[in-house]
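These notes are about the structure you will find just below.
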Amino acid sequence: MSYLEHNAKVVPTGLRKLLFLNWPLVLLLSAAASVGFLMLYSVAGGSFFPWVEPQVKRFALGIGVMLVVALIPIWFWRNISVLAYLAAFALLIAVELFGTVGMGAQRWIDVGFMQLQPSELMKITLVMVLAAYYDALPKKRTSRPLFVLIPVLIIILPTLLVLRQPDLGTSILLMAAGGIVMFLAGVHWGYFAFVIASGVALVTAVFESRGTSWQLIKDYQFRRIDTFLDPSQDPLGAGYHITQSKIALGSGGWSGRGFMQGTQSRLNFLPEKHTDFIFTTLAEEFGFIGGFTLLALYMLIIVFCIATAIAAKDRFSALVTLGIAVNFFLFFSVNMSMVMGLAPVVGVPLPLVSYGGSAMLVLLAAFGIVQSANIHRPR
Amino acid sequence: MKRTPKELDETHRLMTKRTLLLGGLQLGFAGALAMRMRFLQVDQADQFRLLAEENRINIRLLPPARGEIFDRKGRIIAQNSPSYRIAVVPEDAGDIDATIANLRRLVYIDDADVERALREIRISKPFVQITLADQVSWEDIAKVAANAPALPGIFPEVGLTRLYPQHDTFAHVIGYVGPVSDYDLSKMEDPDPILLTPRFQFGKVGFEAKEESTLRGKAGTKSVEVNAYGRVIRELERKEGESGADMQLTIDAALQSYTQARLGNESAAAVVIDIESGDIQAICSAPSFDPNLFVRGISVADYRDLTSDPYRPLANKTVQGTYPPGSTFKMVAALAGLESGLITPDDTAYCPGHLEVGGRRFHCWRRAGHGVVDLNTSLKSSCDVYYYDLAVKVGIDNISKMAQRLGLGVHHELPMSAVRDGLAPDRKWKERVHGKDWLVGDTVNASIGQGYMLASPMQLAVMTARIASGRSVTPRLIKSIDGVEQPSGAGESLGLNEDNLHAVRKGMYSVSNDRRGTGYRSRIIADGMRMAGKSGTSQVRNISAAERAAGVIRNEDLPWDRRDHALYVCFAPYDKPKYAVAVVVEHGGGGSKAAAPIARDVLLEALYEGSPPLEAYPKGDRERIKIQQERLEQERLDRNISTTSDQA
């Protein structure tokens with residue numbers, strides 16, 4: 001029994017719950033999504049079709065899902081965490097067996113009305129199961145090797161499945177988010193120092209071995225790493241996108257060219273201009289001010305989540321809120337680093353803004369859990 | 001278990017601490033992103049705005065110059081020659097149909113080319129250059145250049161195309177390049193982006209294909225700034241590619257050209273190996289074809305001519321063709337016997353014209369028989385019965401092992417297409433492949449290079465070189481890459497008894513220099529240049545008992561494709577072996593008649609480096625040789641004239 005149940009009496013009930021909803025957070029999410037609508041309208045050449053309309057519908061659906069999730073008590077979510085995780089895990093295996101191959105990787109599963117990406121689901125359920133685990137685990141045992149090994153396995157298994165799809169980007173995000181939740185739960189910092197140090201050592205060893213007799217990986221694998229790290233070596237592939245993306249960003253200047261006035265991003269120079277590279281359109285048309293505003297919106301969402309987490313009275317609420325915030329942060333920071341030429345091109349969309357249904361739905365449902373934690377906090 | 005408030009409090013504090021730490025890190029990273037945004041959008045805005053507004057950056061691949069191929073003396077075999085073409089970059093052309101229509105008002109481009117280009121445009125990325133017309137005249141190029149403003153996206157280009165100035169002489173060795181096809185791409189795991197450029201030339205067959213990675217080089221890139229009309233304003237950045245490596249072959253182009261001409265229109269193959277280094281000095285397959293036809297894209301009619309020719313001009317008979325070695329295999333059988341200690345050079349056998357083995361009668365080629373035969377006579381007169389007798393004593397496994405030591409039935413790594421390994425069969429092989437027991441009759445057949453035994457002309461030359469030197473001579477085709485000398489193929493000693501080798505070489509010497517030797521008519525009479533050889537005639541049909549009774553039909557009376565293959569192997573000088581030669585004339589009849597003269601002529605040409613004196617030939621031959629030399633000289637001149645006129 002955790003602290004939660006003892007204090008269940010003092011949480012709001014019925015429609016009174018809506019009063020305790022974190023309305024500023026809802027507003028922030030809607031604001032970020034609206035930026036997305038605006039940009040999709042612009043890249044479609046001033047038309048609601050083909051992207052804005054479905055996106056608005058999905059957002060409305062997502063907000064609905066969020067409210068439903070928020071009204072359900074947080075302990076319900078804690079209690080089904082393990083089940084949810086296992087379900088997502090089963091879906092990952094299903095996608096391995098029957099998934100649709102799209103864009104050269106097996107990631108999607110068709111569930112009738114939409115395409116579902118189980119790895120999206122896994123991002124949230126992984127955070128949930130870890131939070132539930134640490135909620136149940138007595139504090140003294142947090143750093144014992146056996147009890148560190150269990151969450152490590154919980155993280156590693158789905159990561160390996162995602163890696164097999166193959167989707168390197170998502171598997172790195174899964175590892176990072178899982179690791180951060182463990183860190184927040186209070187696992188001794190020595191473990192993290194050890195993992196980071198051995199990771200650095202391994203990478204160094206691989207690179208040091210280049211050209212020597214004990215070379216650890218093949219020459220062509222090295223060449224792939226080279227182009228991954230430095231896309232300018234592949235000027236017509238990854239490098240082409242980055243160059244064009246930087247030009248679009250740079251030509252936006254301080255205040256941008258104005259709505260619907262961007263040329264670079266609309267002239268088909270950029271691939272995936274409505275998905276992964278949508279930030280370039282924003283930055284070109286609204287300049288530094290526009291880009292910075294979106295970044296500030298995102299950071300405010302993070303700050304609200306952190307505030308919710310600190311105010312929380314139980315570990316599950318705090319950890320799940322922070323875990324979702326971390327996922328959200330990783331999403332937009334990796335995407336922005338990519339379009340600004342700071343990180344290699346990996347297929348990570350801009351949350352709430354990029355066109356795409358399953359990511360947005362899952363994200364809003366996750367924020368529903370954050371809201372639920374907030375509402376059902378004993379006062 | 002219930003937690004005390006104190007414990008809870010402590011947990012809470014640690015978590016809050018770490019949460020704040022993480023929050024701080026996130027804020028820091030967001031700050032870094034904002035700084036980067038500011039850097040790109042404010043500090044560098046002017047530069048990017050200029051690039052974006054008036055101009056565009058185009059990135060083009062610079063195709064690397066393909067490595068050129070030279071012969072051992074630096075004569076060019078495959079070169080890059082300039083060719084003018086008109087290309088279009090679709091993303092710059094705007095209305096592509098209108099632009100092409102404008103272009104066609106200026107210069108003639110036929111419908112097929114336009115159709116092909118439009119098809120390529122549809123399947124390529126918009127920034128990929130597509131060739132509209134190839135092999136364009138200089139005047140047309142000038143017209144396009146002068147009218148550039150009216151032709152957005154159209155570029156006159158000076159490209160390089162492969163040219164084989166030696167025409168058919170090197171067709172089988174070098175192979176040819178051609179445009180990359182979808183089929184080629186589908187076979188590659190991770191194709192170089194330059195290969196995706198339509199019409200990019202890459203090695204299709206032969207040396208060009210085998211050494212593709214060395215010859216191709218690395219593509220460079222250039223970023224150019226162009227205005228709205230597609231005119232290049234300036235070049236922003238240029239990353240030079242790396243040209244492919246120049247390669248030098250061990251082949252002597254003059255000898256190769258002579259040999260090719262000497263084979264003439266026979267269906268034949270000849271290989272010359274330098275015994276001291278393993279260098280392949282000439283390797284010719286006849287008839288040949290002009291590889292330049294394939295570079296430009298061969299016409300259906302020409303291709304049909306090549307494929308329907310019964311002499312198979314496209315096949316490289318030197319390495320791809322495998323033949324029963326016939327009597328040229330007798331040295332191997334003899335060495336196997338000598339090395340096993342079961343026979344000595346002086347042991348004799350009696351040849352009455354046939355031998356009964358395992359209830360079957362095996363015939364000697366000479367019906368009357370050779371009488372009492374020792375090793376020397378057996379080689380000189382090519383007595384078959386001597387070897388039947390030897391085979392029964394020595395057994396197939398010894399013979400097969402010796403064949404492999406001498407380079408038959410084993411793989412030789414050469415950068416040519418479809419190098420076949422031939423076959424030196426043994427008991428296990430027959431068990432594995434045919435599921436039958438090896439019979440003594442099989443051994444008898446193998447001993448005279450018939451039956452399952454198969455060898456390519458290249459392998460026969462290697463065998464001869466190994467017998468002549470006693471070393472494990474390995475054929476080598478690449479002399480140097482970008483000036484870096486490649487390892488020699490001289491090889492280590494084979495560990496064979498020198499006396500045994502001497503006995504066999506002496507037998508070969510008798511073949512060529514003894515009045516009764518089978519190769520006597522095709523000998524060299526210059527002192528110090530004496531040759532040693534061995535003829536071979538391999539049957540391609542079974543001679544039935546009935547036919548034998550009625551008298552074997554003469555080769556001349558058979559249809560071409562049922563006649564015997566003619567083979568000859570030889571080396572010279574006898575005292576200090578320098579070159580080994582193997583010649584196979586498909587369905588040429590007797591080896592001593594059809595193959596030996598060619599082998600001798602080629603050997604002399606090699607020994608005297610292109611100018612053998614008439615005195616080196618037997619007296620009876622000189623008149624014919626003189627006429628032949630004049631004819632070949634004339635042919636070579638004609639060939640050179642046609643080469644120069646092609647280039648003009």
Side-chain angles (χ1 to χ4, degrees), chain A residues 1-3 138-140 142 180 183-186 220 223-224 232 234-237 239-240 243-244 246-254 256-257 263-264 267-269 283-284 287-288 291-292 295-296 298-299 302-303 306 309-310 313 315 318-319 322 325-326 329 332-333 336-337 340-342, chain B residues 1-3 5 7-8 10-23 25-27 29-34 36-53 56-57 59-61 91 125-128 189-190 193-194 196-197 219-223 237 239:
Chain A
M1 285 236 294
S2 107
Y3 181 76
K139 152 78 177 129
K140 276 185 200 149
T142 309
I180 289 173
F183 173 76
L184 292 171
Y220 77 91
R223 282 198 297 278
R224 284 196 182 168
S232 68
D234 181 15
L236 292 182
Y240 180 81
T243 310
Q244 299 301 343
K246 278 183 3 194
I247 290 175
L249 236 72
S251 65
W254 178 258
R257 291 158 174 273
T263 57
Q264 298 300 300
L267 275 179
N268 281 330
F269 267 96
E284 192 187 9
F288 177 71
F292 187 81
L295 187 63
Y298 281 151
M299 281 318 288
I302 298 286
V303 167
I306 289 177
I310 289 177
K313 300 267 166 50
R315 293 184 98 195
L319 281 176
L322 287 172
V326 160
F329 177 80
F332 75 77
S333 60
M336 285 187 178
S337 305
M340 289 186 221
L342 291 177
Chain B
M1 179 181 136
K2 226 173 154 186
R3 276 168 253 170
E7 190 193 340
L8 196 82
E10 207 175 289
T11 318
H12 207 105
R13 220 177 311 129
L14 177 67
M15 209 158 98
T16 308
K17 218 163 74 186
R18 290 199 172 179
T19 304
L20 290 176
L21 177 66
L22 182 76
L25 284 176
Q26 290 179 336
L27 263 177
F29 193 81
L33 282 178
R36 172 73 175 174
M37 216 189 299
R38 209 191 100 87
F39 172 73
L40 287 175
Q41 297 201 277
V42 181
D43 298 349
Q44 292 199 321
D46 293 344
Q47 183 197 336
F48 283 124
R49 187 172 281 258
L50 193 73
L51 290 176
E53 270 174 19
R56 296 190 201 163
I57 292 177
I59 300 168
R60 311 238 169 96
L61 280 179
E91 73 176 6
K125 291 184 181 168
F127 51 78
V128 173
E189 186 163 296
D190 190 12
I194 188 75
L196 304 174
T197 319
T221 53
K222 65 173 175 185
S223 326
E237 196 192 355
K239 243 194 209 165

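Quick note on labels: first sequence line is chain A, next is B, and so on, each numbered from 1.
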> With respect to chain B, which residue among A/Leu295, A/Thr142, A/Ile306 yields the maximal number of heavy-atom pairs within a distance under 4.5 Å?
Replying inline: A/Leu295
> Taking A/Ile302, A/Ile310, A/Val326 one by one, which has the highest count of heavy-atom pairs under 4.5 Å against chain B?
Replying inline: A/Ile310
>> Please report the interatomic distance OH(A/Tyr298) to CG(B/Leu33), rounded to the nearest 0.5 Å.
In response: 12.0 Å
> Judged by atom type as modelled, is there a donor-acceptor pair below 3.5 Å linking the side chain of B/Arg36 to the main-chain atoms of A/Leu342?
Replying inline: no
> Between the main-chain N or O of A/Phe183 and the side-chain N or O of B/Arg18, is there a donor-acceptor pair closer than 3.5 Å?
Replying inline: yes
> Any idea which of B/Thr19, B/Val42, B/Thr16 has the most non-hydrogen atom pairs under 4.5 angstrom with chain A?
Replying inline: B/Thr19
> Which of the residues B/Arg38, B/Gln26, B/Gln44, B/Met15 is involved in the greatest number of heavy-atom pairs with chain A at under 4.5 angstrom?
Replying inline: B/Gln26
[X] portion near chain B, given a 4.5 angstrom heavy-atom threshold:
X	result
A/Ala296	neither
A/Met299	side chain
A/Phe329	side chain

> Which bit of B/Leu27 comes within less than 4.5 Å of chain A, counting heavy atoms only: side chain, backbone, both or neither?
Replying inline: both
> For B/Leu14, is it the side chain, the backbone, both, or neither that has a heavy atom closer than 4.5 Å to a heavy atom of chain A?
Replying inline: side chain
> For B/Phe29 and A/Ser337, which heavy atoms make the closest approach, and how far apart are they?
Replying inline: CZ-OG, 3.7 Å
> What closest approach, in Å, do B/Gln41 and A/Gly252 show between heavy atoms, and which atom pair accounts for it?
Replying inline: NE2-CA, 4.2 Å
